[in-house]
Amino acid sequence: MFRRTSDAIRPAGISIHFEGRPIVAQAGDSLAAALLIEDVGAFRSTPVSGAPRAPYCMMGVCFECLVEVDGVPNQQACMVQVRDGMQVRRQRGPAGMDGNG
Amino acid sequence: MPGPVYDAAVVGGGLVGSAIALGLADAGLSVVLLDEGDTALRASRGNFGLVWVQGKGAAMPDYAVWTRRSSDLWPGFAARLADETGLDVSHQRPGGFHLCLSEAELEQRAATMRRLHNQAGPDGYDCQVLGRDELCRRLPGLGAAVVGGTYCPHDGCVNPLVLLQALQGAALARGVSYRAGLRARVILPTGGGFAVGTESDRLAVGKIVLTAGLGSRPLGAQVGLDVPVHPERGQILVTERAAPWLDHPTTFIRQTTQGTILLGDSHEDVGFDTGTTAAVAHDIAARAIRTFPALARLNVVRGWGALRVMTPDGCPIYDESERHPGAFAVACHSGVTLAAAHALALAPAIADGSLRQAFAPFSARRFHVQAH
């Protein structure tokens with residue numbers, strides 16, 4: 001559904017994992033952009049009704065793109081840059097308080 | 001100038017006024033509820049949502065009894081509001097904790113509880129002082145800084161925003177006329193009643209009840225009611241939603257039914273400033289994390305300041321004007337806890353004229369040391 005607007009710049013590939021699946025992103029990508037290009041579907045489910053959600057504003061305002069990054073819950077994917085080896089999971093409902101996201 | 005005629009005008013549409021308006025309508029009175037509008041200070045929209053018994057009334061035994069009575073009325077009251085409005089105010093009464101982070105704080109707290117126990121007499125005062133070990137058994141995840149605390153089984157909480165909506169909805173359903181954006185400016189005794197002047201209107205009413213929070217002080221002066229209330233700011237922080245984690249409310253940390261965690265309880269003397277400050281937010285967050293270290297992993301998503309409506313002794317003022325009978329003042333900082341008692345017990349006493357006798361200890365005359 002999404003594609004990059006320019007192929008002119010090809011920075012080095014960055015390898016991340018989403019739900020255990022390897023994904024190649026580009027240095028400088030926001031995590032949200034990298035996941036949207038991979039068409040991963042819902043990023044999170046809401047804490048109250050469990051409804052599926054995906055990025056909306058892409059600028060840090062709407063909190064719809066929350067994911068778990070390296071075990072830390074409720075990270076805004078649009079405000080985080082990809083890092084090599086990053087482990088990303090969907091934010092399923094509310095954050096847990098037991099240290100397991 | 002003839003205008004609409006009501007048995008009673010309730011001036012102030014917050015939690016206190018809405019509960020009183022509902023209770024007066026229950027008693028068969030025609031009621032107009034005047035709500036100032038969004039320029040109002042609205043303590044009802046900034047509070048922490050506790051229905052709290054423990055620790056209250058050490059300076060006034062009647063207040064301890066009254067608070068407990070409201071706590072006991074709450075389950076039925078919440079069920080009634082749900083029946084009449086379809087709104088769930090999320091009332092829970094699992095018992096609440098006050099957590100102490102120093103031995104000095106714990107000793108002071110224990111002394112307050114001993115005083116409440118002694119003044120309660122043979123009925124006893126249902127609150128336990130707990131050491132750290134017992135607390136840790138009941139509240140998993142406590143930080144090393146917590147030395148002890150107190151527990152009272154009658155403490156609980158509600159969603160205060162839904163409560164305000166439910167009180168007003170139930171009042172409307174009982175025929176209360178709710179007038180938004182109308183600030184009472186002038187109150188004139190008219191002999192047998194009162195005229196209430198607003199920006200745009202003049203209402204003729206039989207009784208007038210001042211429930212305007214901090215605004216009741218200047219209004220009361222017009223009808224011979226002393227309402228010595230002053231603002232005390234409290235700031236609150238709210239975290240993102242978390243999975244159910246804290247089963248009991250505490251005085252400065254509680255988890256709402258939808259998962260957010262409220263952190264609060266600053267006490268600031270800053271006049272009518274409802275703002276927030278980084279220094280106080282820092283202190284609130286730091287104390288919360290020392291109390292429950294797991295809170296450090298949550299993001300704070302909102303914060304605000306609001307003004308408590310404080311009387312000189314912290315206890316409610318319930319009064320009828322001696323000079324102008326039919327003019328009443330109801331002022332307190334416990335509009336959530338006392339909502340049930342205000343609607344079900346105080347309002348009937350306003351309606352039938354028995355307030356001055358039945359609630360004599362709550363009169364502001366207690367502050368007038370030379371009055372006899």
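What you are looking at is a predicted structure, and each value in this text was computed from that prediction instead of being measured. Below, read A as the first sequence line, B as the second, and so on, with proteins coming before strands; counting in each chain starts at 1.
Pro94(A) and Ala242(B) make their closest contact through CB-C, 3.3 Å (heavy atoms, listed as atom of the first residue, atom of the second, distance). The two residues Arg241(B) and Asn74(A) make their nearest non-hydrogen contact at O-ND2, 3.9 Å. Nearest approach of Gly96(A) to Ala243(B), heavy atoms of both residues: CA-CB, 4.1 Å.
How far OG1 of Thr239(B) is from CE of Met97(A): 7.5 Å, rounded to the nearest 0.5 Å. With rounding to the nearest 0.5 Å, the separation of CD in Gln75(A) from CG in Asn299(B) is 6.0 Å.
In the displayed structure, His282(B) atom NE2 is contacted under 6.0 Å by at most 12 heavy atoms of other residues, nucleotides or ligands. By the neighbour-count criterion of 12 heavy atoms within 6.0 Å, atom CD of Gln108(B) is sparsely surrounded, having that number or fewer from other residues, nucleotides or ligands.
Both the backbone and the side chain of Leu295(B) come within contact range of chain A, judged by heavy atoms closer than 4.5 Å.
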